[in-house]
Colleague: 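One structure, pasted below without further comment.
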Amino acid sequence: MIPSLASLQAFEAIARRQSFALAASELHLTPSAVSHQMTKLEGLLGVKLFERNVKGISLTPAGAAYLRRVSGALAALSAATQEVRQVGRHGLYVHASPSFASLWLMPRISEFTRDNPDIALFVSASPSHSDFQLGLVDIDIRYGVPNWQHLVTEPLATEAIQPLASPDFLKAHRIRQKRDLLQLPLIQSTVNRVQWSDWFAAQGVEGSPERVELSFDRAMMSLDAAVQGLGVALESAWLAESYLRQGVLQPVFSRQASVPIQAHFAVYPQRNANRPAVVQFLKWLHQAR
C-alpha cells in the first residue's frame, strides 16, 4: 500500500524542520494533525521513523533511509507539477501575509484580473512563509527582514510608519506635541518592525509609554481599533491608504514625523523569474498604486 501524499509531506517537513510544531505551521495544520499523520505512516510501515526525547526529535536509521527516497519522490512530483502548470495553463499562485492581502492586495485585485484575463489567479494568506520546495506557490509576499537565502527578493515600497487616529479621537484629544502621545491610549501591532519605543526615539522624544493600551498581532486589527476611536495606532500609511482616503483615519502629525522602512517583499525562486505570469504580476505589483 502506498502512503497518502499528506503523510509523506508531513514526514518530510518534520524531518527537515526537526520539529512537529514547525512542520505543522509550514503545512497550515495543527500539531495534533501532523502527529496523527506520523502515527498512521509508522503504523503502515511497521517501523519507527523518529526518536522522540526531551531534547527533541531525530530520525531513526530507517527514517533516514526512507527520507532519502521520499525527498526525491516529492521533488520529482513538484517538478512535474510545475512543468504541467507552466505548459497547460496560465495559472499564478500567490501567497501573502494576511494584512497585506486584506489591506493592499484585495482592494486592487480587480485591476490585475481586468488587465490580465488570461491569467488564472489563486491567492492564499497566512503568517507562515511558503516553502517553494513544495512547488505550490509562485510568489510569496513576505513581511519582515529580507534574509531569505537562495531566493529572489524585491522590495515593494518604502513605507511611512506613523501615528494614525480617527477624526473623533483627534477632536477629543488636543495633540500639539509628539510627547503628548505618551499620555494617550496607544495601539500597537506586535509584529510591526517599528514599535512605539522606536518611533519616540526616532522623533527625539525622551521616555517611552508606560504601557500600551491595546496590542494585536495583525496590522489590520490595529488599524480597525484606531478607526473605532480606541487610541492611536502606529502603522504603515501605505497599508492604511484606503482608511486615509475614506477619512476614517488621519495622520496625527505630518509625514516628516514618520519612520521610513522597507518591510514588504516579493519573494520567489530564480526558476520562476521568467514565467510570463510571474513577470506580469511583479510588474503590476511595482506599478499599482
Colleague: How are the rings of Tyr66 and Phe11 set relative to one another: parallel (under 30°), tilted (30 to 60°) or perpendicular (over 60°)?
Modeller: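 Answer is tilted, since the angle falls between 30° and 60°.
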
Colleague: Could you go through the ring pair (Phe, Tyr, Trp, His ring centres under 6.0 Å) check for Trp238 and His264 one step at a time?
Modeller: CA-CA 11 Å; Trp238 184 61; His264 284 89; 5.7 Å; yes

Colleague: May I ask you to check whether Ser32 and Thr30 show a side-chain donor-acceptor distance below 3.5 Å?
Modeller: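 Note: Ser32 and Thr30 side chains meet the donor-acceptor criterion.
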
Colleague: Between Trp148 and Phe265, how do the two ring planes meet: parallel, tilted or perpendicular, split at 30° and 60°?
Modeller: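 Taking Phe265 first and then Trp148, their aromatic rings stand perpendicular (interplane angle over 60°).
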
Colleague: So does His28 have more than 12 non-hydrogen atoms from other groups sitting under 6.0 Å from NE2?
Modeller: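 Counting neighbours around NE2 of His28, more than 12 heavy atoms of other residues, nucleotides or ligands fall under 6.0 Å, so yes.
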
Colleague: Near Gln183 CD, under 6.0 Å, is it more than 12 heavy atoms from other residues, nucleotides or ligands?
Modeller: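 No, not enclosed.
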
Colleague: For the residue pair Leu234 and Asn192, what are the closest heavy atoms and their distance?
Modeller: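 That closest heavy-atom pairing would be O-ND2, 3.1 Å.
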
Colleague: Between Thr190 and Ser215, what is the shortest heavy-atom contact and its length?
Modeller: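 Minimum heavy-atom separation between Thr190 and Ser215: CG2-CB, 3.9 Å.
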
Colleague: Looking at Glu241 and Arg108, is any side-chain nitrogen of the basic one under 4.0 Å from a carboxylate oxygen of the acidic one?
Modeller: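 Answer for the salt bridge query: yes.
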
Colleague: In terms of heavy-atom contacts, does CD of Gln18 have more than 12 from other residues, nucleotides or ligands at under 6.0 Å?
Modeller: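 Incorrect, the count does not exceed 12.
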
Colleague: Please tell me if the side chains of Ser4 and Gln37 come closer than 4.5 Å, counting only heavy atoms from C-beta onward.
Modeller: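 Yes, their side chains come closer than 4.5 Å.
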
Colleague: Flag yes if Leu181 and Leu164 sit in one hydrophobic cluster, no otherwise; membership is Ile, Leu, Val, Met, Phe, Trp, Tyr, and two members link when side-chain heavy atoms are under 4.5 Å apart.
Modeller: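 Leu181 does not cluster with Leu164.
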
Colleague: Give a yes or no answer on whether the side chain of Thr113 reaches the backbone of Ser110 with a donor-acceptor pair at less than 3.5 Å.
Modeller: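 Answer holds: yes.
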
Colleague: For His173, run the side chain to side chain contact (heavy atoms under 4.5 Å, CB included) check against Asp168, Leu184, Val232, Asp180 and tell me which one passes.
Modeller: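 Of the listed residues Asp168, Leu184, Val232, Asp180, the side chain to side chain contact (heavy atoms under 4.5 Å, CB included) partner of His173 is Leu184.
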
Colleague: Around Asp115, counting heavy atoms of other residues, nucleotides and ligands shown, do more than 12 lie under 6.0 Å from its CG?
Modeller: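 More than 12 heavy atoms, drawn from other residues, nucleotides or ligands, come within 6.0 Å of this atom.
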
